[in-house]
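First comes the structure, then the notes that go with it.
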Amino acid sequence: MVRFTANPVRALAGTDPGRTRLLNASGVAVAVLISTGCAWLIVNATHADGGYLAVGAFLAMQAGLSVRDATAPARVVTTALLVIPVVGGLAGTTLLAHNRYVEIAAFVVIGGVATWMRRFGPRWSAVGMIAFFSSFFALFLRPTVDDLGPLLLIGVGAVAASLIVKSTILLHAPDRSLRLLMRQFRGAGDAAVRAAEGSVGRPRATLQARLDRLGDVAMAITDWQSQYDTAARTGLTAHELARLVFDARTDLVQACLHLAQVPEPNADRELTALLDAMHRVLDTDLPASERSAASARARRTLEAVDPDVPGRFAVALLARAVESQIALREALESPHPAATAEPDTDVSSDEPTDAEPAVARDAEIAEAPDAGGGPHRFWHEWTPTTRMAVQVMLAATLATVAGEAISASRWYWSVLTAFLVFVGVNTRAAILTRAYRRVIGTVCGVFVGFGFGIAIDGAELPLMLLCAVSVFCMVYLGPLNYAVMAFFVTVLLSSMYGLLGILNRHILELRLEETLTGAVIGVACAFLIFSSSSRPELITRIRAYFASLEEVLTRSGDVLIGHGPTTAVLDAAHRLDTDHRELETFVSSMAVSFAGGQRRTLRRSATALLKNAGVHADRLAQESVILGKEGGTAAFHGDAADAARRGIDAVVAQSDAACRSLLHRRRDNPAKSEASETFDAVRRVPCRPHTPQYRAMLALSNLSITMANIERLRERD
């Protein structure tokens, strides 16, 4: 029997921490409505072609999608700059209409330049994209010089609509964004606790999905800190907030994992009372008096509980999770003087604590050999944007020829697809995956869009609303899968054809044929002309992940023996989360390359093990931070400190061996590391069960086991 989530809307929102995509999708949809309304007024006032309504909708959408600067003020500036490429693209292509070959050549060159401009950052990438689409619409609509005035007004109106919306979003205060993120953090935590209750004997997938969602929101909070001044907004230093969020997250994760092993949590009165307290603490509208009562209960439990007694460990972890959630909430809700400096006095240290190891690590990764990336060619010396610009221009030229063979009036759809399969990716496997998803989305969109178009039957208002709905769904759901974006783009185009009065089965068949042709040509150019393998970049990202993992191990070990600050542990843990997320995104972008049976199995197994390694590394980091905060003294001394250091060093060696094993086939593998060294070292560390010292060593042992499992993945190759 198929089981559906109790709240699918909440599950969907879990993939959008901070509701960033929801805000963007709503903003772009509103901009499309404003722009289309302005275009309708201009068309009626100037008696221009009704098809120009499509320009207002599409350019407003592209202005919303293309602008991706890191901060809201920067996005406003970039949007204002888009007036220049819009006017230039529309006017230039229109004025070249009398010379067909020059017009086509200019369109091809614009596509190449737009690709090349990605090297200068998001602002110039947006300028290039809008210039390309403005030229595309001039080709699509074929305006005369006399019609250029209304068309330019509509183009400027599209940019103005997007600018108005982004300026309004700028008023969306950072404080409100943080409050929303914290509400989602508590909501994700509550969902995780409910999934853990009574989950013995049930599949762990639901619980893991809830814990992943909690991690996603924690990463979104880190992203928020990168965009705004934490001290000015909260009165806490960046490290104080990062540590509070880290504690709240990892405490809750550990509590949920151990709670999931309790057969009947409701049969334990103390555990039931703590669960009730946890749910109240995670309630957004919890009064301060109830929060104090929950905190007092958690403190009493921690003072009285003996974690060595069977079944009491989960109680102790849950009590600690309640306290860390309350500490985070009270730190943000209590008034604070503005913080002026980052405290760096967590642990006394005679060693330097700057970022030199991380810089050295990055240099080592950058200089590492490709390790199987294929023979070196002269174009490998080019920057990716230069190489792809040449590929795009060649693909666009071939797509023009093939597109004209299919339809002399719709050839530009083929060129458009050949251009778009290169957007946002830079390796042949990623291009293949993107092209495949675009074709699948277009096929489905053709049928659905045609059905909507026929049902609406040319009514302008419903078609304009369909444009806005398609844009909203494309922006909100598109990041989940490019096929979804292609689907809603096709539905959007169907509604635009309806506005133009030319929607019919033949036009959508041409759209599908041209899309398939452009995708095939784009992939062929990516593989056959100045080809760039995905393997070197995949290797680089895997190495970056393992380098971050080793940094977490090293920094945690420094704190455990009293030679490093806890702030360095937090930084390393956040970097590991970021590198893991980027690795997962890259692997997803080249999914077609892993479609084969054994390669697919290897990808799934490696992905699961790397996620487990991250969980154990987070646990080790958290325990070291907890121990580092307890008076600033070392957790281990003398022989115990030496044994702990040997254990850390052994797992670092295992991590290096696991990385090399994952990157090479069995016949190329170096000698394997020995996990027994880690266990021997850990056994020499005297610590009482269920203390932070014990949990740190347990996390280290589990990490060692995970590294050994990664080393064995290639044995079946």
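What's counted below: heavy atoms across the whole structure, side chains too, no hydrogens, waters or symmetry copies. All residue numbers refer to positions in the sequence shown, counting from 1.
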**Q.** Counterpart residues, side-chain contact (heavy atoms from CB on, under 4.5 Å), relative to A160 (two or more places apart)
**A.** none
Quick one: side chains of residues 512-527, donor-acceptor pairs under 3.5 Å with protein atoms, not counting sequence neighbours, listed by atom name and distance.
| residue | atom | partner | partner atom | Å |
| --- | --- | --- | --- | --- |
| T515 | OG1 | R511 | O | 2.7 |
| T517 | OG1 | E513 | O | 2.8 |

Q.
Let me confirm one number: the OG1-CG distance from T94 to D147, rounded to the nearest 0.5 Å.
A. 9.0 Å
Q | Side-chain (R541) to main-chain (L583) donor-acceptor, under 3.5 angstrom | A | no
Q: Sequence neighbours left out, what passes side-chain contact (heavy atoms from CB on, under 4.5 Å) with V401? Give chain and number order.
A: none
Q. Do any pairs count as a side chain to side chain donor-acceptor pair (under 3.5 Å) and have a residue in residues 119-134, sequence neighbours left out, and if so which ones?
A. T78-R123
Q) Can you list the residues that meet the side-chain contact (heavy atoms from CB on, under 4.5 Å) rule with A486, with sequence neighbours excluded? A) R438, T442
Q. Got a second to check how far D69's CG is from K166's NZ, nearest 0.5 Å?
A. 9.0 Å
Q: Using a 4.5 Å cut-off on heavy atoms from C-beta on, say whether the side chain of L236 contacts that of L332.
A: yes
(Q) Testing the basics here: between S66 and A126, what is the closest heavy-atom pair and its distance to 0.1 Å? (A) O-CB, 3.5 Å
Q) Is a side-chain N or O of T400 found less than 3.5 angstrom from the main chain of A396, in a donor-acceptor match? A) yes
Q. How long is the span from the CG atom in D216 to the CD1 atom in I221, to the nearest 0.5 Å?
A. 11.5 Å
Q. How far does CG of L90 sit from CG of L59, to the nearest 0.5 angstrom?
A. 6.5 Å
Q: Go through R437 and M485 one step at a time and tell me if the side-chain contact (heavy atoms from CB on, under 4.5 Å) criterion holds.
A: CA-CA 9 Å; R437 289 172 175 171; M485 179 174 287; over 6 Å; no
Q.
Closer than 3.5 angstrom, by distance alone: can the side chain of T115 be matched with the main-chain N or O of G111 as a donor-acceptor pair?
A. yes
Q) How long is the gap from OG on S162 to CG on L82, to the nearest 0.5 Å? A) 7.5 Å
Q) Do you know which two heavy atoms are closest between I154 and G56, and how far apart they sit? A) CG2-N, 3.6 Å
Q. What pairs with W40 under ring-ring contact (aromatic ring centres under 6.0 Å, His included), at least two apart in sequence or on another chain?
A. none
Q.
Nearest 0.5 Å, please: how far is CZ in F488 from SG in C473?
A. 4.0 Å
Q: Start with the C-alpha distance between V28 and F472, add both sets of side-chain angles, then the distance that settles side-chain contact (heavy atoms from CB on, under 4.5 Å), and finish with yes or no.
A: CA-CA 7 Å; V28 174; F472 175 86; over 6 Å; no
**Q.** side-chain contact (heavy atoms from CB on, under 4.5 Å) between V127 and I84, worked out
**A.** CA-CA 8 Å; V127 169; I84 298 172; over 6 Å; no
Q: Can you tell me which residue pairs pass the salt bridge (charged side-chain N to carboxylate O under 4.0 Å, His left out) test with a partner in residues 132-142, sequence neighbours excluded?
A: E103-R142
Q. F447: what forms a ring-ring contact (aromatic ring centres under 6.0 Å, His included) with it, not counting sequence neighbours?
A. none
Q) For A57 and T36, which heavy atoms make the closest approach, and how far apart are they? A) CB-OG1, 3.5 Å
(Q) Taking side-chain hydrogen bond (donor to acceptor under 3.5 Å, both in side chains) as the definition, give me every residue that meets it alongside T230, ordered by chain and number, with sequence neighbours left out. (A) Q225
Q. For P143 and A138, which heavy atoms make the closest approach, and how far apart are they?
A. CD-O, 3.3 Å
Q.
Quick test of your reading: applying ring-ring contact (aromatic ring centres under 6.0 Å, His included), list the pairs with at least one residue in residues 63-121, sequence neighbours left out, ordered by first then second residue.
A. F107-F132, W116-F120
Q: Can you sort out the partners of A48 under side-chain contact (heavy atoms from CB on, under 4.5 Å), two or more places apart, ordered by chain and number?
A: T46, Y52, P150
(Q) I need the minimum non-hydrogen distance between V217 and A188, along with the two atoms involved. (A) CG2-CB, 4.4 Å
Q) Among all residues two or more places apart in sequence or in another chain, which pass the ring-ring contact (aromatic ring centres under 6.0 Å, His included) test with F137? A) F58, F140
**Q.** Audit row: L33, L465, side-chain contact (heavy atoms from CB on, under 4.5 Å) steps and yes/no
**A.** CA-CA 8 Å; L33 281 176; L465 291 175; 4.3 Å; yes
Q: Please examine the side chains of M129 and M117, heavy atoms only from C-beta on, and report whether any two atoms are closer than 4.5 Å.
A: no
Q: Might you point out which heavy atoms bring S167 and V76 nearest each other, and give the distance in Å?
A: OG-CG1, 4.0 Å
Q.
For M219, run the side-chain contact (heavy atoms from CB on, under 4.5 Å) check against V245, D577, L214 and tell me which one passes.
A. D577
